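Read the structure below first, then the notes.
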Amino acid sequence: MDSTRFEKLQKLRRRHLAYPYRFEVSHQIGEIRSRYEIEPGGREVCVRGIVKRVSKLEEGYMVRLSSPSGVEIVALCDEELKAGEEHTLKGKLGRHEGKLCLFSAVPSEEEAYPIESLKAEYDLDPCFEEVSMAGRLITLRSMGKALFGHLQDATGRVQVYIKRDVVGEEAFKDFEELVDTGDLLGVNGRLFRTNTGELTVEVKSFSLLAKSLHPMPEKWHGIKDVEVRYRQRYLDLIANETARRIFLLRSRVVQAVRDFLNREGFLEVETPILQHVASGANAKPFITYHNYLEQNLYLRIAPELYLKRLVVGGFNKVYELGKNFRNEGVDTTHNPEFTMVEFYAAYWDYQDLIDFTERLISHVLLSLMGSLKLTHKGRELDFTPPYKRYGYFELLEKKTGKGKDFFLKDLQGLRALARDVGVPKAETLTHAKLIDKVFDLLVEEELWGPCFVMDFPKLLSPLAKSHRQDPELVERFELFVAGKELANAYTELNDPVEQKERFLEQLREKEMGDEEAMQMDEDFINALEYGMPPTAGEGIGIDRLVMVLADVDSIREVILFPALRRS
RNA sequence: GAGCCGGUAGCUCAGUCGGCAGAGCAACGGACUUUUAAUCCGUGGGUCGCGGGUUCGACUCCCGCCCGGCUCACCA
C-alpha cells in the first residue's frame, strides 16, 4: 500500500467523503462515445498534416498528425516519420482507443482529404450535452490552473477537463490534493471537443468514488508479467486493452451461442455438477465430500448423461452451457475447469448436426466478426460452409498406408507402428488408446481448416450409436480447427442393452490400465430402458472457440481466472 | 514429472569480468487555463523471488526451494 495515498484517504474519511454510497450516472462511457462517434469501418482515406509526435509501438509507430488549424488524427504506420515534417498518409480509417486513426498508414502522393472534414463526418459535435459519468482515472495531466485526464471502464475511455474557473477554487484545490490516477471518479459536466478534436467532459463538479491505494500500472506498457495478469486479472483489465477486448468477445460468443440455440428451439437447462458417478467422458474427476450425505461426490466431467435423461423425459431439444471439471494437467489448451456447451436434439442424427454446426459457427462468426474468414496464428481460416469431411480411417490410411482392418484387428502390428511413430509407453496401452494416440500424433496437428473427422472406431466412443453401414464404427464426428478439437458430436446410442455392454467394455479397459475409461452409470441405463428417442448430441468447447476467434495460443488468455498454483 | 528460460523500484526493463543498485514511466516539490506517451526544473524511492554455500566482497558463481512461461510427458 502506498502511504501518501493512504493519508489522502484518511483526509477523505475525516471529511466523510471517503467511500460514498452512490453516484448518479447518466451515461456509460462507451454509450456516450458511440453516440457522438461514428465507426468509419475501414474506409480508405488519405490525409495530410504536420507530424506532431511519433511514438514507438511494439510494431511500427504511432503518429499524431495535425492540420494547420490544430485538429489532430492518429496514424499507425511502419515507417518512422520525424516530428515537424509534413506528410501525406494513406490508410484505413478506424478507431484506436476511441480516437479516429489511420491504420496501416503509408506515405502517399494522392490528394489528401482535410482532417477537419473527416472529423466533422465521424466525430460529431456533442453540443454541450450535460452528462454525469464515472470511471477510473487512468491518466492525469496538470496544466497549472487546469487538469486533463481520462476516465476509463470496460466500455471505453473519455477525457475530462477540470478547469479552476469552472469547478471553483476550493474544489480545484481538493482535486489536486486528494485525487490520484487510479482513483474512481464521478464527474458532472458538459461535453465538448478540444482544439485537437477529442470528446471531453468539461467538469462542473466531481466526486471521488473510491480511492486506489495502489499506484496504477504503467500507462504505456501496461502489465506484461503474465503471472500478475492471471492472478490479478483486474489489473490486466485496467491496464491492457487486449484483455478487455478478449473478455468482451468471450461474453459475446457465449451470448451468440445462446441466441442461436434459443432461436432454434433449444431449452437451456442446468444439471448437477456434483454427481455420484462422473461419467459421460474419458477423464479423471475431482472428488469432493458431502458432510450431510456422508459420501464422496464427483465434480462432473460432462453433463451428457443428465441431458440425455431429459430427452427421455420429453425435453426434445435441450442444452447446457457451463463448466466441466477434469482432474488433469494444465497447459496451453487445457484448464482443469473449462466451459462447454452441450446440446441434444431428439429425432436428429449426426448428419443433421453437421449442418447445424456449420450454421451455428456461421452465426457466431457473422454476428461477432462480421465475416466467415479470420486470421489465426498468421494463417487464414475460412469458415464458409461446407467444411471438409474426412473419414477417420481414411486419414489414418493416408498417413500410414494401413487400412481400418489393420488398426482394429492387428494389435501386434499397431503396437509396433505406435512405437515407430513415437507413441510413449506403446507397450502398455490398450488397443483403444493405441489407435487414439496414433491418430493424435499423426493426423490431428495437420487438420488446420475447419473440417469434420467422421466415423470413429466404436471402442473409442462408448456413448455413440453404431454406424448404420459398418458395425465397427460409430456415427460420430469431431470438428477440428487449427489442429485442435473444437466440437465432438454423435448419433446417441439409445439401446440400453448395447449401452450396458459398452460400459462393461469400458470397465474392462479400466482393468487393463486405462485410468480414464468411462464409468458405468446404472441409473442412466435405467433411463434408457424407458426409451430415448433417436437423438443426436454435440459438445463445443467454448474456451477453444474463443481462442480461435481472439487469435491467442493459450487457453489462459480466454479464462478470466485460470488455474494457477497458490502463490 | 523432465528439460530449457525467467523472477531487479509501483509498472516496463538495463545491470559488462564478482567490486557503491540504474533508466523511462509512476510518485513527491515547483512552473504552465485546450493537454493527450503533455512539456520544463528539482527530489525521494530497492528483502535484486526465498534459504544456504564459496569469497575480503555475491544481483552476478554453486546447491536447494518457491512461483511463472515454453517444450515434452500426462491429458481432450
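Throughout, protein chains are lettered first and strands after them, A, B, ... in sequence-line order, and every chain is numbered starting at 1. These figures come from a predicted structure and were not determined experimentally.
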With nearest nucleotides of RNA chain B determined for A:Asp436 and A:Thr181 from heavy-atom distances, which residue corresponds to the more 5′ nucleotide? A:Thr181
My understanding is that a pair needs two contacts under 3.5 Å, Watson-Crick or G-U wobble. By that rule, which nucleotide pairs with B:G22? B:C13
Roughly how many Å is it from CZ in A:Arg566 to P in B:G49, rounded to a whole number? 23 Å
Identify the nucleotide, in any strand shown, that forms a Watson-Crick or G-U wobble pair with B:C50, with both distances under 3.5 Å; if there is none, say none. B:G64
At under 4.0 Å between heavy atoms, what does A:Lys437 touch on the DNA or RNA strands: base, sugar-phosphate, or nothing? base
Let's go through A:Gln152 and A:His150 carefully: what are the C-alpha distance in whole Å and the side-chain angles of both, what is the deciding distance for side chain to side chain donor-acceptor pair (under 3.5 Å) to 0.1 Å, and is it a yes or a no? CA-CA 6 Å; A:Gln152 175 189 282; A:His150 278 97; over 6 Å; no
Any donor-acceptor pair under 3.5 Å joining the side chain of A:Glu198 to the base of B:U34? no
Classify the side-chain pair A:Asp521/A:Tyr306 by whether it contains a donor and acceptor separated by less than 3.5 Å. no
Could you tell me the separation between the CZ atom of A:Arg565 and the P atom of B:G7, rounded to a whole number of Å? 19 Å
Identify the two heavy atoms, one from A:Leu102 and one from A:Leu89, that lie closest to each other, and give their separation to 0.1 Å. CD1-O, 3.7 Å
Decide side chain to side chain donor-acceptor pair (under 3.5 Å) for A:Arg476 and A:Asn488; before the verdict, give the C-alpha distance in whole Å, the side-chain angles of both, and the deciding distance to 0.1 Å. CA-CA 8 Å; A:Arg476 169 181 175 190; A:Asn488 179 21; 3.0 Å; yes
Complementary nucleotide of B:A27, counting Watson-Crick and G-U pairs under 3.5 Å: B:U43
Counting only side-chain N and O atoms of A:Arg556, is one of them less than 4.0 Å from OP1 or OP2 of B:C70? yes
Considering every strand and a 4.0 Å limit on heavy-atom distances, what is the contact class for A:Lys284: base, sugar-phosphate, or nothing? nothing
Pick the closest RNA chain B nucleotide for A:His221 and for A:Thr194 by heavy atoms, then say which residue is nearer the 5' end. A:His221
Please determine whether a side-chain nitrogen or oxygen atom of A:Arg141 lies at a distance below 4.0 Å from atom OP1 or OP2 of B:U35. no
Span that lies between the P atom of B:G52 and that of B:A58, in whole angstrom: 13 Å
In whole Å, measure the gap between the C1' atoms of B:A26 and B:C70 for me. 31 Å
Of the candidate nucleotides B:A26, B:C75, B:A38, which contains the atom at the shortest distance from the side chain of A:Glu328? B:C75
Separation of atom CG in A:Asn240 from atom C1' in B:C11, rounded to whole Å: 11 Å
Could you check how far CZ of A:Arg164 sits from C1' of B:A31, rounded to whole Å? 14 Å
In whole angstrom, what separates A:Met143's CE from B:A31's P? 14 Å
Which part of the nucleic acid, if any, lies within reach of A:His334 when heavy atoms closer than 4.0 Å are counted: base, sugar-phosphate only, or nothing? base
Please determine, by modelled atom types, if A:Tyr350 and A:Glu492 share a side-chain donor-acceptor pair under 3.5 angstrom. no
What's the gap between B:U16 and B:G49 when it is taken at their P atoms, as a whole Å value? 14 Å
Picking from B:C75, B:C13, B:G68, which would you name as closest to the side chain of A:Lys224? B:C13
Would you please say whether a donor-acceptor pair under 3.5 Å links the side chains of A:Asn240 and A:Thr242? no
Give the rounded distance in Å between these two atoms: CG of A:Asp2 and P of B:A9. 15 Å
Would you say the side-chain atoms of A:Gln159 and A:Thr200 include a donor-acceptor pair closer than 3.5 Å? yes
Give A:Gln159 one of three labels, base, sugar-phosphate or nothing, depending on what nucleic acid heavy atoms sit under 4.0 Å from its own. base
To the nearest Å, how far apart are A:Leu178 CG and B:A27 C1'? 16 Å
Can you figure out which of B:U35, B:C13, B:G10 approaches the side chain of A:Thr200 most closely? B:U35
Same-atom distance (C1') from B:C28 to B:C65, integer angstrom: 39 Å
Quick one: is B:U35 close enough that its OP1 or OP2 comes under 4.0 Å of any side-chain N or O from A:Lys145? no
Using the C1' atoms only, state how far B:A9 lies from B:A23, rounded to an integer number of Å. 11 Å
Please state the P separation for the pair B:A2 and B:U47 - nearest whole angstrom. 32 Å
What is the separation between atom CD on A:Glu227 and atom P on B:G49, rounded to the nearest whole Å? 13 Å
Would you mind classifying the nucleic acid contact of A:Tyr230 as base, sugar-phosphate or nothing, using non-hydrogen atoms under 4.0 angstrom? sugar-phosphate
Base, sugar-phosphate alone, or nothing: which one does A:Gly149 contact when heavy atoms must sit under 4.0 Å apart? nothing
With respect to the phosphate group of B:G68, does any side-chain polar atom (N or O) of A:Arg231 fall under 4.0 Å of OP1 or OP2? yes
Does A:Glu515 reach a base, just sugar-phosphate, or nothing at all? Heavy atoms under 4.0 Å. nothing
Taking any heavy-atom pair under 4.0 Å as a contact, classify A:Asn488: base, sugar-phosphate, or nothing. nothing
Using a 4.0 Å heavy-atom cut-off, does A:Leu564 contact any base of the nucleic acid, only the sugar-phosphate backbone, or nothing at all? sugar-phosphate
Say we look at B:G45 and B:U39: how far apart would their P atoms be, to the nearest angstrom? 24 Å
Work out how far the P atom of B:U60 is from that of B:G19, and round it to whole angstrom. 11 Å
Using a cut-off of strictly less than 4.0 Å, decide whether A:Lys163 has a side-chain nitrogen or oxygen near OP1 or OP2 of B:U34. no
Base, sugar-phosphate, or nothing for A:Thr332, non-hydrogen atoms under 4.0 angstrom? sugar-phosphate
State whether a side-chain donor-acceptor pair under 3.5 Å links A:Glu538 with A:Thr357. yes
Please determine whether a side-chain nitrogen or oxygen atom of A:Arg64 lies at a distance below 4.0 Å from atom OP1 or OP2 of B:A37. yes
